[in-house]
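Beneath this line is the structure, given in structure tokens, with notes to follow.
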Protein chains: 2
Amino acid sequence: MAERRKVGNLLALAVLAALVEKSMHPYEMATFLKARGKDEDMPIKWGSLYTVVANLAKHGLVEAVESGRQGGRPERTVYRVTEAGRAELADWTRELVATPEREYPRFKAGLSVLGGLGPDEAAELLRRRLEALERGLAEQRAALDAQRAAVPRLFLLESEYELTMREAEAGWTRRLLADLTGGSFPDLDEWRRFHESGGV
Amino acid sequence: MAERRKVGNLLALAVLAALVEKSMHPYEMATFLKARGKDEDMPIKWGSLYTVVANLAKHGLVEAVESGRQGGRPERTVYRVTEAGRAELADWTRELVATPEREYPRFKAGLSVLGGLGPDEAAELLRRRLEALERGLAEQRAALDAQRAAVPRLFLLESEYELTMREAEAGWTRRLLADLTGGSFPDLDEWRRFHESGGV
DNA sequence: GGCCGTATACTCGTGGGCGAGTAAGGGGTG
DNA sequence: CACCCCTTACTCGCCCACGAGTATACGGCC
């Protein structure tokens, strides 16, 4: 296949996107990306920033442009995105948007081992999840509405998307819970018996 | 905070769940888990299996029970789950089910840098995603229906959940696409102009 | 009966990710 | 004017994940 991405960490995507707007030194990227709230969109670990920038440089996607020092502060290296970097950013974006990838949410892993617990505990856990989910939803909805006035929709797509997905999850959980407590879940007794005998 | 999980890799969760059913040696776990299709539920890399089992052993969650050889084959070490292992499995399951965690689907990352592309290309990419999504949905629905007859619902929850989420994603994408092509997306012209001037 | 492909069963090296550590300037306060 | 803490700006080193490699045996086919 088309050889794997030179730098796979999504933090690299954020860095490229930032450098397209303006050249920066790493620490500035961090504040810039935090201000933009990009760390809400991707699993960003700031400890990886310098490694990632170095890797981008190694592969010619960014390049050092200036390396001055101000006062006695540690030296700062300002980076600029290269043509190859722009191309990589565009290509990567295309891939991320056009190609749905198999995702592995942790909840799915949890569901797949849920049988090990009893049905009553399972229901209780789902209730807890649903509550947390609904609290979060209220917050997200409020935050989105607040931003709608100030920010163009283009920059709210991620939040819109996440909100929609969370709503779907809450809906599914609510239905499952109803089946479980309403008794319309099949083989409930078998599950309970199996667990009470094989369990702890 | 309650100190991080001893072994964090989700493959460890699958291994624990397998060993609760019966003691096994690592290679057998792999075939067992593949047969159960657990690699659909979690991002499992088989290259990590031996590392993960060793780590579980190191932390006392599983223990070696027998280490014989059959014929001239390489030595096989059979592992059994310990009491601590059972407890960890139950606790981990509870956490995964009851606590919604902030997830970072790659599509979200893609959306967050979509502005870098023009609106026309964006629409085209979304169209491609939607098509792929719908193809996948048809398959998943068929597979689920086929299993409904043979497998208790308890073991189909992960698939049900995933199906629901994918449907929600397809729905959102479809609506966004309609807004984009129907002209009801705000600031479309600004976006286009910005891109045509600042772009390549 | 010899050959080959596939299943069995691991081993190992590298490379990246990430947390924790470091160190100097600035500015506010008593 | 001395102290201290927060911000700026990185550096380092461990550890784990994972891909690629290895080695034997069994079964089937010609």
Side-chain angles (χ1 to χ4, degrees), chain A residues 1 3-15 18 23-35 39 42-59 61-62 64-79 102 104 106 109, chain B residues 1-15 18-19 23-35 39 42-59 61-62 64-79 102 104 106 109:
Chain A
M1 75 200 74
E3 57 263 50
R4 203 58 283 129
R5 226 96 237 169
K6 281 56 235 90
V7 185
N9 199 325
L10 279 180
L11 175 52
L13 184 76
V15 165
S23 297
M24 286 184 255
H25 58 96
Y27 190 84
E28 198 182 351
M29 300 173 199
T31 42
F32 181 91
L33 292 173
K34 274 177 199 155
D39 48 348
M42 323 166 173
I44 289 184
K45 310 301 160 96
W46 298 113
S48 312
L49 179 58
Y50 289 80
T51 316
V52 160
V53 171
N55 285 347
L56 284 170
K58 190 168 69 187
H59 293 289
L61 303 175
V62 306
V65 81
E66 175 198 347
S67 180
R69 62 172 61 228
Q70 281 200 23
R73 304 255 193 80
E75 187 154 6
R76 298 181 318 176
T77 309
V78 174
Y79 290 89
R102 174 134 239 167
Y104 303 93
R106 319 198 92 227
Chain B
M1 76 200 73
E3 58 264 48
R4 203 59 283 127
R5 227 94 237 170
K6 278 73 223 74
V7 185
N9 198 322
L10 279 179
L11 175 52
L13 183 78
V15 165
L19 289 183
S23 297
M24 283 184 258
H25 56 96
Y27 189 84
E28 197 181 352
M29 298 174 200
T31 43
F32 181 90
L33 292 173
K34 275 177 199 156
D39 47 348
M42 318 164 176
I44 290 185
K45 309 302 159 96
W46 298 113
S48 313
L49 179 58
Y50 289 82
T51 316
V52 160
V53 171
N55 286 347
L56 285 170
K58 189 167 67 187
H59 293 288
L61 303 176
V62 306
V65 79
E66 176 199 348
S67 181
R69 63 171 61 229
Q70 280 200 24
R73 303 255 191 79
E75 188 154 3
R76 300 180 315 177
T77 309
V78 174
Y79 290 88
R102 174 134 239 167
Y104 303 92
R106 319 198 90 227

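A note on names: the letters A, B, ... follow the listed sequences, proteins ahead of strands, and every chain is numbered from 1.
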Below the 4.0 Å mark, does dC10(D) have OP1 or OP2 next to a side-chain nitrogen or oxygen of Tyr27(A)?
no

Whole-Å gap separating P (dA9(C)) and OH (Tyr79(B))
14 Å

Taking atom P of dG16(C) as reference, at what distance in whole Å does atom NZ of Lys45(A) sit?
18 Å

Check the distance between dT11(D)'s P and Arg76(A)'s CZ and give it to me in whole angstrom.
14 Å

Between P on dA7(C) and CZ on Phe32(B), what's the gap in Å once rounded to a whole number?
20 Å

On DNA chain D, compare the nucleotides closest to Lys58(B) and Tyr50(A); which residue's is nearer the 5' end?
Tyr50(A)

Quick one: His59(B) NE2 to dC15(D) C1', roughly how many Å, whole number?
11 Å

Matching residue for Ser48(A) among Asn9(A), Asn55(A), Val53(A) - test: side chain to side chain contact (heavy atoms under 4.5 Å, CB included):
Asn9(A)

Would you mind reading off the distance between Trp46(A) atom CH2 and dA20(C) atom P, rounded to a whole angstrom?
17 Å

Whole angstrom is fine here: how far is it from CG in Leu10(B) over to P in dC18(D)?
11 Å

Between dG17(C), dA17(D), dC18(C), which nucleotide has the shortest distance from any of its atoms to the side chain of Asn55(B)?
dA17(D)

Find out whether Ile44(B) and Lys34(B) are in side-chain contact, i.e. whether some heavy atom of one side chain is under 4.5 Å from a heavy atom of the other.
no

If you assign each of Gly47(B) and Glu28(B) to its closest nucleotide in DNA chain C, which residue comes earlier from the 5' end?
Glu28(B)

So do the side chains of Leu33(B) and Trp46(B) get within less than 4.5 Å of each other, counting heavy atoms only?
yes

Side-chain contact, heavy-atom cut-off 4.5 Å: Val15(B) with Leu49(B)?
yes

Do Lys45(B) and Leu11(B) have side-chain heavy atoms sitting under 4.5 Å apart?
no

Rounded to whole Å, the CD1-C1' distance (Ile44(B) to dG19(D)) equals 16 Å

Please state whether the phosphate of dC18(D), meaning OP1 or OP2, lies under 4.0 angstrom from any side-chain nitrogen or oxygen of Ser48(B).
yes

Check whether any side-chain nitrogen or oxygen of Asn9(B) sits under 4.0 Å from OP1 or OP2 of dA17(D), and answer yes or no.
yes

Residue-phosphate contact under 4.0 Å: His25(B) side-chain N/O, dC10(C) OP1/OP2:
yes

